[in-house]
Number of protein chains: 2
Amino acid sequence: MQKKNSATIYDVAHRVGVSLATVSRVVNGNSNVRDSTKRKVLDAIEELGYHPNAVARGLASKKTTTIGVVMPDITDVYYSELARGIDDVANMYHYDVLLTNTDEDPVRETMAVNNLASKQVDGIIFMGNELDHEVVNTISGVNAPVVLAGSVDSEKKLPSVNIDYVEAIKEAMEAVIKNGHDRVAIVTGPVEHAINGMHRLVGYKKALEEAQIEFDDSLLFSTHQDYAAGLQVAEKILATGATAAITYDDEVAVGIMNYLRDHGKKVPEDFEIITSNDTKFTIITRPQVTSIGQPKYDIGAVAMRMLTKLMNNETIELTQVKLPHTLERRGTTLN
Amino acid sequence: MQKKNSATIYDVAHRVGVSLATVSRVVNGNSNVRDSTKRKVLDAIEELGYHPNAVARGLASKKTTTIGVVMPDITDVYYSELARGIDDVANMYHYDVLLTNTDEDPVRETMAVNNLASKQVDGIIFMGNELDHEVVNTISGVNAPVVLAGSVDSEKKLPSVNIDYVEAIKEAMEAVIKNGHDRVAIVTGPVEHAINGMHRLVGYKKALEEAQIEFDDSLLFSTHQDYAAGLQVAEKILATGATAAITYDDEVAVGIMNYLRDHGKKVPEDFEIITSNDTKFTIITRPQVTSIGQPKYDIGAVAMRMLTKLMNNETIELTQVKLPHTLERRGTTLN
DNA sequence: ATGAAAGCGCTAACAC
DNA sequence: GTGTTAGCGCTTTCAT
């Protein structure tokens with residue numbers, strides 16, 4: 001049973017017979033301390049079970065060694081992978097992480113950012129699909145650097161780490177078009193959302209254009225982000241005569257696939273599917289789901305690394321980072 | 001663009017012509033302020049864009065309105081569901097959450113707890129399978145209440161919220177035994193781990209005993225916690241002549257199922273499987289996987305609620321909470 | 001109902 | 001190499 005709380009830097013100083021400053025120096029690894037006194041201080045720290053009070057330190061130094069992470073939902077495997085990348089790098093640089101779930105509600109996002117600011121975090125990583133104008137405003141007003149991870153603001157004012165969503169969807173489209181499909185459903189989140197809506201649609205249309213296929217908006221579907229939604233939308237997709245689908249969410253993709261197979265369709269022979277996030281869901285199903293491959297962990301890790309530089313006032317050459325994506329061909333596509 | 005940082009309580013006080021104390025009172029909702037001055041203060045706060053500095057407040061009041069959450073891995077859907085329950089209730093009571101991943105490494109768990117203590121968190125929720133003696137020691141030494149969620153310490157010294165793991169596994173076993181199986185594989189994590197090892201084994205043996213089936217330790221398997229591990233262990237399980245398996249992890253269960261089906265076994269006709277965590281993985285596969293049902297979100301929520309009471313120095317009647325579990329019969333079992 | 005003043009535990013000049 | 005001295009921005013008695 002170690003000592004409860006108590007011991008302060010003053011106790012240590014007093015015990016050794018030196019000043020607060022000296023103790024502070026050894027604690028902070030300042031070299032200007034004679035080895036012998038350093039040892040004595042260290043011993044006293046050990047004996048008293050002294051642990052620096054980070055709050056006091058934060059007040060005095062104006063650095064909390066804490067960053068804020070704002071994310072839609074910790075149970076969403078896509079975002080939790082990013083968060084893991086963030087956390088690992090954060091720890092590497094000795095930062096702790098204050099985590100907030102927002103469910104992509106702009107009101108809660110704004111509150112979260114303001115709250116983190118009042119807690120004096122040294123920086124913030126923000127994740128979310130739609131960057132509401134007000135949210136961008138709030139973020140810009142915060143007195144701490146902010147980096148977007150897996151998110152974009154349309155004005156590209158904020159530093160961010162992403163993949164090229166437009167290009168990724170375009171490539172996925174090209175893959176199915178090459179397989180002879182000309183009626184390809186595109187399943188997105190709310191269309192007004194940047195990544196899950198707009199960006200994907202742009203990539204989709206680009207591919208159509210290059211293949212000289214007319215855009216048909218009856219092939220555009222917008223759903224909730226879960227398995228049940230996939231089950232539901234599948235029927236509607238089938239009704240349009242589509243023979244392939246590109247989806248924004250892996251659970252939705254699996255829902256569509258399962259519905260199709262339950263209704264006598266063969267995947268991929270009768271219907272091809274490509275999804276976007278390459279989460280575990282795409283691996284455990286039979287067939288496995290072809291997906292755009294995203295370096296999820298790395299997106300988080302790189303964003304966090306960027307944030308450390310920003311917090312350190314280093315200048316950053318490239319603030320709009322695009323990490324490479326792939327196409328992971330699995331069982332829901334031919335070839 | 002709102003004001004960067006700056007305004008302090010002093011600025012507000014000065015502007016209105018009152019003392020710091022008065023401003024502090026209105027900020028903290030103390031009733032001893034005349035309505036008219038209160039209004040003036042509020043106005044000044046608005047005009048100056050004043051936001052209380054939580055760090056300073058924490059130092060002065062010795063309360064940070066922050067709790068620590070220690071968990072194995074944010075990307076593990078089982079734990080992230082618990083975390084969501086924790087976070088929602090924490091927000092409800094206006095606490096922020098400092099999150100740490102440990103990968104169940106006792107060294108990192110100890111460091112995490114100590115670090116959180118030095119950050120002066122008001123309380124800690126701890127999640128993890130194995131409560132290393134040293135970790136329990138560290139936890140006990142911390143000057144803040146701690147509640148275990150989905151975790152147990154063998155000495156039951158620490159407050160905790162769980163389901164009855166022994167009973168749950170026993171019931172799962174009874175279900176397959178009733179279906180005529182007498183060679184049932186049990187797949188756990190490291191046997192020395194409390195929940196994923198020991199507890200499950202106890203429940204398994206109890207059921208065997210009641211059914212008067214001899215325990216055969218060649219039916220006991222210990223694996224990593226992922227899909228690939230399931231694929232691998234499946235072959236060995238088959239070699240034992242087992243006709244059913246109880247697993248501790250859903251991904252492992254799906255791995256086993258997929259391997260079996262790929263190798264000509266029919267699930268559930270030839271082989272029945274019951275897993276433990278009832279995560280999304282059990283829903284999206286075909287067939288869906290029968291699982292013990294756990295109120296994951298509630299485990300987190302209840303643990304957090306308990307922690308708020310502890311932080312508030314309320315006495316708690318029951319510190320070892322067991323929430324009800326179920327058996328979710330799906331496609332990997334008959335009946 | 002309001003103000004004065006003493007800290008909370010630490011860092012960071014600045015002296016010596 | 002070490003000590004002195006101000007704060008950091010706020011809460012909290014204790015007076016009034």
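As a basis for the values below, the full set of heavy atoms in this structure was taken, side chains included, without hydrogen atoms, waters or symmetry mates. Given the structure is predicted, the values throughout are model-derived calculations rather than measurements. Chain identifiers are assigned alphabetically (A, B, ...) following the order of the sequence lines, protein sequences preceding nucleic acid strands; residue numbering begins at 1 within each chain.
- Contact annotation: A:Tyr10 does not reach the phosphate of C:dG7 (side-chain N/O to OP1 or OP2, under 4.0 Å).
- Of the candidate nucleotides C:dT2, C:dT11, D:dC10, C:dT2 has the atom nearest to the side chain of B:Val33.
- Between A:Arg57 and C:dT11, a side-chain N or O to OP1/OP2 separation shorter than 4.0 Å is present.
- Between A:Asn28 and C:dT11 there is a side-chain polar atom (N or O) within less than 4.0 angstrom of OP1 or OP2.
- In this structure, the nucleotide among C:dA12, C:dC10, D:dC10 sitting nearest to the side chain of A:Ala21 is C:dA12.
- Between A:Arg34 and D:dT2 there is a side-chain N or O to OP1 or OP2 distance below 4.0 Å.
- Atom CG of A:Leu20 and atom C1' of D:dT5 are 10 Å apart (whole Å).
- Between A:Ala54 and B:Ser36, it is B:Ser36 whose nearest contact on DNA chain C lies nearer the 5' terminus.
- For C:dG3, the OP1/OP2 oxygens have a side-chain nitrogen or oxygen of B:Thr22 closer than 4.0 Å.
- B:Ser36 and B:Arg39 share no donor-acceptor pair across their side chains, judged by distance under 3.5 Å alone.
- At a threshold of 4.0 angstrom between heavy atoms, the contacts of B:Val55 with the nucleic acid are absent.
- Dashed line: the shortest gap from a side-chain N or O of B:Lys62 to OP1 or OP2 of C:dG7 is not under 4.0 Å.
- For B:Thr37 and C:dT2, the shortest distance from a side-chain N or O to OP1 or OP2 is below 4.0 Å.
- Of the candidate nucleotides D:dG9, C:dT2, D:dT2, D:dG9 has the atom nearest to the side chain of B:Asn53.
- At a threshold of 4.0 angstrom between heavy atoms, the contacts of B:Val18 are confined to the sugar-phosphate backbone, with no base atom among them.
- A close approach under 4.0 Å does occur between a side-chain nitrogen or oxygen of B:Ser24 and OP1 or OP2 of D:dT11.
- In this structure, B:Ser61 does not reach the D:dT11 phosphate: none of its side-chain N or O atoms is under 4.0 Å from OP1 or OP2.
- Distance OH (A:Tyr50) to C1' (C:dC10): 7 Å, rounded to an integer number of Å.
- Under 4.0 Å is where a charged nitrogen must lie from a carboxylate oxygen, and between A:Arg15 and A:Asp11 no such pair does.
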